[in-house]
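Report on one structure; see the data block that follows.
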There are 2 protein chains.
Amino acid sequence: MFQAIADPTRRELLQLLRTGEEFPLKGITPHFSMTRAAVSKHLHILSDAGLVHERRVGRETRYRMNADPLLELRRWLAFFERYWDNKLGMLKMIAETEHEAAGAKSDQPAAQDGK
Amino acid sequence: MFQAIADPTRRELLQLLRTGEEFPLKGITPHFSMTRAAVSKHLHILSDAGLVHERRVGRETRYRMNADPLLELRRWLAFFERYWDNKLGMLKMIAETEHEAAGAKSDQPAAQDGK
DNA sequence: TTATTAGGATACCATATGGTATCCTAAATC
DNA sequence: GATTTAGGATACCATATGGTATCCTAATAA
């Protein structure tokens, strides 16, 4: 999944599909300056990561985004929230909700950040 | 930056450094089953992405994490919060504050979703 | 039935990537 | 000064990756 979103083209693909709308490969390709086959490959990689769902409709394949795997990314990101937080400490709170449902909205003092 | 965190070894490195503590290469290497040179390379990539800071102390180099570049990741992630949100919609709010993005809470069009 | 067309499957290429091995530089230590 | 040692630099290797070109399959349209 981390690998999947590491590529700029694939991130663009996700942006394109982020509305949740379903697009056929034919409709997606013109947004990029590469061949249909290349776009298809990228979509396949995204599909392997679970980030898009493919559906065959007649002779065309329609792609729709599935953001669920990105939850892992958010969970990972939560590990580092202490670095910025204070103003945005709510994010950490969210993370904690996932694990233990702690409701504290206290913002971290960033203990040893004594740069 | 996305490329930098795409590698599992580098994510482990960040986990190791996430406390904000400073570590010399010598101290980091034994945590991994690869040569010092390889670890150094990874750290360099993280450094290029701004995710760690290097500091020469005598003949050793000490590494310390800098999570700031991950803010970009969070901003990117915020684009997709609508998929999970409701309960967690605050993230989107943050994103909108950063840019101005449209915040339609409408859910899937699914117009042609005959699945 | 015959074209036409969307898109999958291969084959292939160039380059990027992760890794080791080897050598070199410079700071501690004797 | 001579020795040891941390770690950078380079060369090199194997594999992964992004991409195109080409062919094949199947659904639609004539």
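- Going from atom CD of A/Glu60 over to atom C1' of C/dA6 covers 8 Å, rounded to whole Å.
- Whole-Å rounding puts the A/Arg56 CZ to D/dT28 C1' distance at 13 Å.
- Positionally, the nearest nucleotide of DNA chain D for B/Glu54 lies more toward the 5' end than for the other of B/Glu54 and A/Gly58.
- Residues B/Leu14 and A/Phe80 approach most closely at O-CE2, 3.8 Å, considering heavy atoms.
- For the OP1/OP2 pair of C/dG7 and a distance below 4.0 Å, the side-chain nitrogens and oxygens of A/Ser40 include no atom meeting the criterion.
- Side-chain atoms of A/Arg36 and A/Thr29 include no donor-acceptor pair closer than 3.5 Å.
- At a threshold of 4.0 angstrom between heavy atoms, the contacts of A/Tyr63 are confined to the sugar-phosphate backbone, with no base atom among them.
- Nearest heavy-atom pair across B/Met1 and B/Ala49 is CA-CB, 4.0 Å.
- The interatomic distance linking B/Lys26 (NZ) with C/dA28 (C1') rounds to 13 Å, in whole Å.
- Rounded to the nearest 0.5 Å, atoms OH (A/Tyr63) and CD (A/Glu22) are 11.0 Å apart.
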Is there any protein nitrogen or oxygen under 3.5 Å from a nitrogen or oxygen in nucleotides 16-23 of chain D, and what are the pairs?
| residue | atom | partner | partner atom | Å |
| --- | --- | --- | --- | --- |
| D/dG18 | OP1 | A/Asp7 | OD2 | 3.2 |
| D/dG18 | OP1 | A/Arg10 | NH1 | 3.2 |
| D/dG18 | OP1 | A/Arg10 | NH2 | 3.2 |
| D/dG18 | OP2 | A/Arg10 | NH1 | 3.3 |
| D/dG19 | OP2 | A/His42 | NE2 | 2.2 |
| D/dG19 | N7 | A/Lys41 | NZ | 2.9 |
| D/dG19 | O6 | A/Lys41 | NZ | 2.5 |
| D/dT20 | OP2 | A/Thr35 | N | 2.9 |
| D/dT20 | OP2 | A/Thr35 | OG1 | 2.9 |

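- The main-chain N or O of A/Leu71 is never found under 3.5 Å from a side-chain atom of A/Arg74 such that the two would form a donor-acceptor pair.
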For this session: Quick one: the dot-bracket string of DNA chain D, using Watson-Crick and G-U wobble pairs with both distances under 3.5 Å, [ ] for crossing pairs and | for bases paired to another strand.
Result: ||||||||||||||||||||||||||||||
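- Side chains of A/His44 and A/Glu54: a donor-acceptor N/O pair is present below 3.5 angstrom, by distance only.
- Without hydrogens or angle criteria, A/Asn66 side chain to A/Gly50 main chain gives a donor-acceptor distance under 3.5 Å.
- Residue B/Leu25 contributes atom CG, which lies 13 Å from atom P of D/dA9 at whole-angstrom precision.
- No donor-acceptor distance shorter than 3.5 angstrom exists from the side chain of B/Arg62 to the backbone of B/His53, with no hydrogens or angles considered.
- Rounded to an integer number of Å, the gap from A/His44 NE2 to C/dG7 P is 14 Å.
- Between the B/Arg10 side chain and the B/Gln3 main chain, a donor and an acceptor come within less than 3.5 Å of each other.
- A close approach under 4.0 Å does occur between a side-chain nitrogen or oxygen of B/Thr61 and OP1 or OP2 of D/dG8.
- Protein atom CG of B/Leu43 is 16 Å distant from nucleotide atom P of D/dA6, rounded to whole Å.
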